[in-house]
Visitor: 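My structure is below; once you've seen it, I'll send some questions.
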Amino acid sequence: MFRGGASPSRARDVTHLASGRRDAQMSAMTSPLRPSRRGLLRHAGLGLTAIAVPGWAQRVSSGLAGRPTLAGPDIALTVDHVPATIDGRTGHAISVNGSWPAPLLRLREGQRTRLAVTNRLAEPTSIHWHGLLVPFQMDGVPGISFPGIAPGETFTYEFPVVQSGTYWYHSHSGLQEQMGHYGPIVVDPAGPETVAAEREHVVVLSDHSPLHPHRIFTKLKQQGGYFNYQKQTLAGLIAGRDQSAAERRDWGRMRMDPTDVSDVTGATYTYLVNGHGPQDDWTALFAPGERVRLRVINAAAMTNFNLRIPGLALTVVQADGQYVRPVTVDELQIAVAETYDLIVTPEDRAYTLVAEAWDRSGMARATLTPRPGLTAAVPPLRARPLATMRDMGMGAMSGMAAMPDMPGMTHDAAPMQHGMRDFATAPELPRTPAVQTIAPMPTDRTGEPPQGLADTGHRVLVYRDLVALAANPDTRAPSRQLRIHLTGNMERYMWAFDGVKLNAVTAPIPFRQGERVRVTLVNDTMMAHPIHLHGHFFELVTGHGDHAPRKHTVNVAPGGTVTFDLTADAFGDWAFHCHLLYHMHAGMMQVVSVRPDGAVAGA
Amino acid sequence: MIALALLLAPVAQMQMHDMPGMTMPMPPARPARAKPKPRPKAAPLHKAAPATPAPCPPEHAAMGHCAAAGQPPRIAPAMPDMPGMAMAPAKPAAAATIGTDQPAGDAPPPAPPGDRAAARFYDPAAMAAADRQMRRDHGGMRFGQVMFDLAEVQIRDGRDGLRWDGEGWFGGDRDRLVVKSEGDGRIDRIDRAEVQALYSRAIGPYFDLQAGLRQDVGAASRRSYATIGVEGLAPYWFQVEGALFLSDRGDLLGRVQAYTDQRITQRLILQPRVELNLAAQAVPQDEIAAGLSQAEAGVRLRYEIRREFAPYAGISWEHRRGDGDGAALVLGVRSWF
């Protein structure tokens with residue numbers, strides 16, 4: 001029932017797995033449909049094909065039951081371009097099987113699946129099965145797991161499905177994910193479903209821009225704050241908003257902008273639910289009194305969302321596809337690439353699902369209603385958060401301030417006395433331009449509400465709320481520890497692990513197959529980073545013993561740390577990266593290698 | 001501290017009993033779950049977290065020094081990692097540490113492998129090529145930008161002029177080619193104009209070291225110089241530049257430049273700016289006096305219609321040794337692409 005992660009039942013022996021078939025299908029039919037890269041946007045407006053919306057993402061949806069979905073042992077997926085219309089404006093998107101968003105894949109635990117992916121783009125593509133435990137050569141990361149899928153080619157992925165839950169798939173090539181190359185995966189358990197619900201909906205959150213993603217990235221390189229139209233201003237100071245003049249001076253001296261929460265904002269993004277903008281208002285139907293399961297997936301490129309449904313309590317039953325002890329909250333932040341399964345029990349009225357961008361520069365919005373046409377009030381955007389000294393990694397000191405009676409501690413002057421780039425704090429870091437700051441006193445912030453949610457006045461999910469429903473498959477003590485720094489430079493828009501961008505990294509992060517390692521991620525930057533490790537679930541070290549929550553992606557708060565125990569049981573090379581797309585693209589990615597002990601040899 | 005941890009101990013257990021819509025398929029693994037009882041009301045739990053001091057001065061709250069007052073402290077307020085204190089809120093203190101509560105050992109890491117795992121399944125040459133492409137795509141890309149910070153008409157009594165100051169760069173995060181140009185003159189005659197071609201290398205998070213050549217191309221001078229300088233972002237958000245120029249005649253000149261952008265609204269921006277030109281010796285042929293040969297100070301108010309396109313108006317005051325002082329009304333466009 002609770003297979004996954006390190007369970008011995010996983011078919012991981014690489015010698016028994018079929019290798020990928022690369023069937024070159026350069027059919028003449030595809031050639032006219034292969035626009036040049038530069039021509040993509042032009043083609044978009046010309047109506048290459050009529051856009052089809054897949055069943056799960058229809059504007060008014062009665063749920064997943066009875067929907068035609070892609071299932072079964074053999075699935076064919078064709079990647080192509082389509083025009084996509086969002087809130088009345090037509091732009092460009094990458095389609096799968098002619099539809100955007102991409103179709104829902106519905107698999108069953110215990111089955112084998114073959115997915116033949118045909119590339120009709122003019123550039124290489126790929127699909128990564130996010131959260132699915134697959135053999136490394138089927139993981140879909142060009143350059144690590146396989147060479148990628150060349151234009152016109154078909155690549156057949158083949159793997160056993162060894163888990164259940166809510167997952168998703170997306171391109172790992174270039175910046176295609178930003179262009180809509182993503183879709184949901186639901187894996188039903190082999191046995192009876194643990195979570196009782198009368199109805200289920202998939203809720204895929206994402207961000208869409210009319211700008212080509214390469215343009216977005218170039219703008220960020222030219223001016224890191226290009227998309228931030230919520231900076232502090234003189235008008236704000238005079239009106240008494242935001243920081244005081246003294247604070248602004250202090251932050252200015254450190255060249256730190258407390259409004260730098262999200263690099264790409266509502267200034268260019270429209271935030272989507274299942275491909276629908278706030279005006280399109282994706283609508284989920286239910287019958288009053290039903291227990292409705294919402295399978296929420298954050299497929300955005302750059303946006304963590306604060307999710308709530310005013311009037312409804314949200315009971316979290318799964319995180320990243322793994323069962324957790326149900327915990328009921330009013331709001332949660334879903335970081336990029338995470339999934340949460342929620343149970344809600346709506347009454348006979350309409351509700352608004354609100355997913356605010358973490359910098360509150362916009363929101364995704366949908367309606368839950370018993371009858372089409374009925375809507376609920378849409379709450380206004382709340383004030384955008386300002387980074388604090390804790391977000392700079394002054395955590396311990398500001399924490400002390402919250403605790404009375406700490407003898408000998410005066411916190412007021414202390415933070416400014418610490419250098420924001422003191423290599424004595426982290427001697428292992430190289431002195432590269434990619435290290436703008438080093439958190440002087442980073443602390444574990446998994447018990448704190450995510451950025452901007454400390455003062456909502458209602459219950460907000462924190463990572464320490466998550467407790468695995470079943471005992472962890474591997475409860476050994478870790479044999480060693482590893483610290484990895486998340487580093488960056490907002491002024492140069494450089495992002496890296498341990499101060500070295502992937503293009504300059506010379507060796508993978510090595511693990512012995514089967515060893516258990518305690519990994520601490522130290523966020524030396526003032527931004528949150530959702531960190532994803534491929535091919536594994538790790539157990540968060542949040543005080544829950546052998547019921548630690550198991551995740552594939554964890555959001556590391558600014559100036560904070562996250563510690564997890566990892567059983568490196570999956571042979572191969574695996575991608576390890578920040579799931580903020582442009583951070584990854586800037587270099588915040590490395591390769592993790594898992595090899596049997598003593599197998600180190602130049603091959 | 002320990003008392004606080006004990007008070008918080010029931011948190012996880014309370015959550016266990018709260019399972020709407022959930023059937024339990026497994027036998028309870030731990031005694032805590034063996035006796036389900038009605039979920040305790042949240043209120044007592046809230047009272048169990050006394051760590052928030054009642055008064056929180058606003059300046060502290062703004063800096064994040066206080067636990068938020070509006071948030072029901074359902075969860076333990078963050079506590080810094082205290083050496084020697086394990087955070088184990090879910091269990092009675094006496095229970096043996098299990099799973100992730102156990103301390104980690106200090107075994108050495110393995111050596112990194114020398115092979116590429118995917119080469120077992122795919123053409124090693126194709127994998128090597130894809131690996132190179134991946135690394136280029138993740139941090140190894142090159143970009144460019146051309147910006148004219150000044151491109152303006154200067155209106156002063158009787159002798160209107162032109163003035164520009166621009167810079168372009170092309171390259172990666174560390175190594176770049178930088179081209180700079182600045183100059184001024186009248187509508188019909190460009191008096192001073194120069195072009196610099198520099199190799200630029202990032203020497204820190206904020207600053208670049210730049211070296212190369214400067215060629216004067218205006219009517220007043222056609223001299224060539226070797227150049228070395230720094231450019232970057234100084235504390236308090238000042239964009240600064242400093243350079244030394246050694247001419248083909250052996251004359252040494254220097255220049256310091258700084259500006260900052262003060263945002264009045266999100267799009268209305270005031271830019272104070274200074275430029276000082278210095279000379280180690282007089283260069284009469286080029287009308288350069290020794291010492292502070294020329295100084296310029298101005299304020300320009302621009303409106304960013306787009307980030308890349310911002311018309312502005314302002315005042316610029318110029319002092320040139322031997323030529324006197326003068327203020328001008330300036331109208332221009334700051335633009336980049």
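On a predicted model such as this, the values are computed, not experimentally measured, just so you know. In what follows, every heavy atom counts, from backbone to side chain, and hydrogens, waters and symmetry copies are set aside.
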Visitor: At their closest point, which heavy atom of A:Lys231 faces which heavy atom of B:Arg263, and how far apart are they?
Guide: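 What the structure gives for the nearest pair is CD-CZ, 3.3 Å.
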Visitor: Within 45° of the ring axis of A:Phe227 and under 6.0 Å from its six-membered ring centre, is that where the NZ or CZ of B:Arg307 lies?
Guide: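 Ring-cation test returns no.
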Visitor: Under a 4.5 Å cutoff for heavy-atom pairs, which residue among A:Met588, A:Arg421, A:Gln232 has the most contacts with chain B?
Guide: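 Among the listed options, the one with the most contacts to chain B is A:Arg421.
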Visitor: Where do A:Asp257 and B:Trp237 come nearest, in terms of heavy atoms and distance?
Guide: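 So the minimum-distance heavy-atom pair works out to N-CZ2, 3.9 Å.
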Visitor: Look up atom CG in A:Leu234 and atom CD1 in B:Ile269, then write down how far apart they are to the nearest 0.5 Å.
Guide: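 CD1 of B:Ile269 is found 12.0 Å from CG of A:Leu234.
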Visitor: Quick one: what part of B:Phe238 sits under 4.5 Å from any heavy atom of chain A, side chain, backbone, both or neither?
Guide: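 B:Phe238 has no heavy atom closer than 4.5 Å to chain A.
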Visitor: Is B:Arg135 reaching over with its side chain to a backbone N or O of A:Val505, donor-acceptor style, under 3.5 angstrom?
Guide: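 Flag set: sc B:Arg135 to bb A:Val505 pair under 3.5 Å.
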Visitor: Check whether A:Leu540 gets within reach of chain B through its side chain, its backbone, both or neither, counting any heavy atom under 4.5 Å.
Guide: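 Contact with chain B is through the backbone of A:Leu540 alone.
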Visitor: Among B:Pro108, B:Gly140, B:Ala129, B:Pro109, which has the most heavy-atom pairs under 4.5 Å with chain A?
Guide: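 The answer is B:Pro109.
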Visitor: Do the non-hydrogen side-chain atoms of A:Pro508 and B:Pro113 ever get within less than 4.5 Å of each other?
Guide: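 The answer is yes; the side chains approach within 4.5 Å.
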Visitor: For residues A:Pro124 and B:Gln133, determine if any side-chain heavy atom of one lies less than 4.5 Å from a side-chain heavy atom of the other.
Guide: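 The answer is no; the side chains never approach within 4.5 Å.
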Visitor: Is there a side-chain contact between B:Pro205 and A:Glu491, using heavy atoms and a 4.5 Å cut-off?
Guide: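 No, every pair of side-chain atoms sits at 4.5 Å or beyond.
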Visitor: Give me the atom names and distance for the closest heavy-atom approach of B:Gly144 to A:Gln222.
Guide: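 Minimum heavy-atom contact is O-NE2, 2.8 Å.
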Visitor: Is A:Val435 close to chain B through its backbone or its side chain, or both, or neither, when contacts mean heavy atoms under 4.5 Å?
Guide: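 Interface part for A:Val435: backbone (N, CA, C, O).
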Visitor: Between B:Asp173 and chain A, which part of the residue has a heavy atom less than 4.5 Å away: side chain, backbone, both or neither?
Guide: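 Its backbone and side chain both get close to chain A.
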Visitor: Give, as side chain, backbone, both or neither, the part of A:Phe564 having an atom under 4.5 angstrom from any heavy atom of chain B.
Guide: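 For A:Phe564, neither part sits under 4.5 Å from chain B.
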Visitor: Heavy-atom distance under 4.5 Å to chain A: side chain of B:Pro124, backbone, both or neither?
Guide: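 No part of it gets close to chain A.
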Visitor: Can you check whether B:Met134 reaches A:Met589 side chain to side chain, under 4.5 Å on heavy atoms?
Guide: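 Yes. Closest side-chain heavy atoms under 4.5 Å.
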Visitor: Given that the side chain runs from C-beta out, which part of A:Pro142 has a heavy atom under 4.5 Å from chain B: side chain, backbone, both or neither?
Guide: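 A:Pro142 touches chain B through backbone heavy atoms alone.
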Visitor: Considering only NZ, NE, NH1 and NH2 on the basic side and carboxylate oxygens on the acidic side, decide whether B:Arg120 and A:Asp573 come within less than 4.0 Å.
Guide: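 Salt bridge flag = no for A:Asp573 with B:Arg120.
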Visitor: Sub-3.5 Å donor-acceptor pair from the side chain of A:Arg255 to the main-chain atoms of B:Leu233, do we have one?
Guide: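 Here the side-chain-to-backbone pair exists.
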Visitor: To the nearest 0.5 Å, what is the distance between CD1 on A:Ile144 and CG on B:Asp131?
Guide: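 It comes to 7.5 Å.
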Visitor: Tell me, for A:Ala235 versus chain B, whether the close heavy atoms (under 4.5 Å) come from the side chain, the backbone, both or neither.
Guide: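 Its backbone and side chain both get close to chain B.
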Visitor: I'd like to verify something: which residue of A:Ala246, A:Ser479, A:Ser173, A:Gly174 has the highest number of heavy-atom pairs under 4.5 Å with chain B?
Guide: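 Answer, by heavy-atom pair count under 4.5 Å with chain B: A:Ser479.
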Visitor: Which of the residues B:Leu268, B:Thr265, B:Leu270, B:Asp123 is involved in the greatest number of heavy-atom pairs with chain A at under 4.5 angstrom?
Guide: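 The answer is B:Thr265.
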Visitor: Using heavy-atom distances under 4.5 Å, tell me whether B:Arg174 contacts chain A through its side chain, its backbone, both, or neither.
Guide: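 Contact with chain A: none, neither part.
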Visitor: Would you give the length of the straight line joining atom CD of B:Glu308 to atom OH of A:Tyr226, rounded to the nearest 0.5 angstrom?
Guide: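 Output value for this atom pair is 3.0 Å.
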Visitor: Using a 3.5 Å distance criterion without hydrogens, assess whether the side chain of A:His585 forms a donor-acceptor pair with backbone atoms of B:Asp137.
Guide: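 Side chain of A:His585 to backbone of B:Asp137: a pair is present.
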Visitor: Side chain, backbone, both or neither: which part of B:Met141 has a non-hydrogen atom closer than 4.5 Å to chain A?
Guide: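 Contact with chain A is through the side chain of B:Met141 alone.
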Visitor: Side chain, backbone, both or neither: which part of A:Gln223 has an atom under 4.5 Å from a heavy atom of chain B?
Guide: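 Contact with chain B: side chain only.
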Visitor: Enter the distance from B:Met127:CE to A:Gln137:CD here, rounded to the nearest 0.5 Å.
Guide: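 B:Met127 CE to A:Gln137 CD: 11.0 Å, rounded to 0.5 Å.
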Visitor: Given that the side chain runs from C-beta out, which part of A:Arg431 has a heavy atom under 4.5 Å from chain B: side chain, backbone, both or neither?
Guide: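 Neither; nothing under 4.5 Å.
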Visitor: Measure distances from A:Arg293 to the heavy atoms of chain B and classify the residue's part below 4.5 Å as side chain, backbone, both or neither.
Guide: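 No part of A:Arg293 comes within 4.5 Å of chain B.
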Visitor: State, to 0.1 Å, how close A:Pro510 and B:Pro110 come at their nearest heavy-atom pair, and which atoms those are.
Guide: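 Minimum heavy-atom separation between A:Pro510 and B:Pro110: CG-O, 3.3 Å.
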Visitor: May I ask you to name which of A:Lys219, A:Gln243, A:Glu515, A:His172 has the most heavy-atom pairs under 4.5 Å with chain B?
Guide: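 Top option by heavy-atom pairs under 4.5 Å: A:Lys219.
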Visitor: How far apart are the closest heavy atoms of A:Gln481 and B:Ala104, and which atoms are they?
Guide: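 What the structure gives for the nearest pair is CG-CB, 3.3 Å.
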Visitor: Against chain B, label A:Ser244 side chain, backbone, both or neither, depending on which of its atoms sit under 4.5 Å from a heavy atom there.
Guide: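 Neither part, no heavy atoms under 4.5 Å.
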Visitor: Could you look at B:Asp208 and say if it's the side chain, the backbone, both or neither that has a heavy atom under 4.5 Å from chain A?
Guide: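 For B:Asp208, heavy atoms of backbone and side chain both lie under 4.5 Å from chain A.
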Visitor: Under a 4.5 Å cut-off applied to non-hydrogen side-chain atoms, are B:His138 and A:Lys501 in contact?
Guide: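 No, every pair of side-chain atoms sits at 4.5 Å or beyond.
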Visitor: Is the backbone of A:Pro478 close enough, under 3.5 Å, to the side chain of B:Gln102 for a donor and an acceptor to pair up by distance?
Guide: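 Judged by distance alone, no pair lies under 3.5 Å.
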Visitor: Output the option from A:Val141, A:Asn472, A:Asn228 having the highest count of non-hydrogen pairs under 4.5 Å with chain B.
Guide: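 Option with the top pair count is A:Asn228.
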Visitor: Is it true that a side-chain atom of A:Asp546 and a backbone atom of B:Ile98 form a donor plus acceptor pair closer than 3.5 Å?
Guide: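 Not a single qualifying donor-acceptor pair exists.
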Visitor: I need the minimum non-hydrogen distance between B:Ala117 and A:Phe571, along with the two atoms involved.
Guide: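 Result for this residue pair: CB-CE2, 4.5 Å.
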Visitor: Taking A:Ser593, A:Ser145, A:Gly236 one by one, which has the highest count of heavy-atom pairs under 4.5 Å against chain B?
Guide: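 Of A:Ser593, A:Ser145, A:Gly236, A:Ser145 has the most heavy-atom pairs under 4.5 Å with chain B.
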Visitor: Using atom types as modelled and distance alone, determine if a side-chain donor or acceptor of A:Arg518 lies under 3.5 Å from a backbone N or O of B:Thr100.
Guide: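 Judged by distance alone, yes, a pair lies under 3.5 Å.
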Visitor: Can you tell me which of B:Gly204, B:Ala128, B:Ala202, B:Gly139 forms the most heavy-atom pairs within a distance under 4.5 Å of chain A?
Guide: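 With the most close heavy-atom pairs to chain A, the winner is B:Gly139.
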Visitor: Compare all side-chain heavy atoms of A:Arg492 with those of B:Tyr206 and state whether any distance is below 4.5 angstrom.
Guide: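 Sidechains of B:Tyr206 and A:Arg492: no contact.
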Visitor: What part of B:Ala119 gets closer than 4.5 Å to chain A, counting heavy atoms only: side chain, backbone, both or neither?
Guide: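 It is neither, since no heavy atom gets under 4.5 Å.
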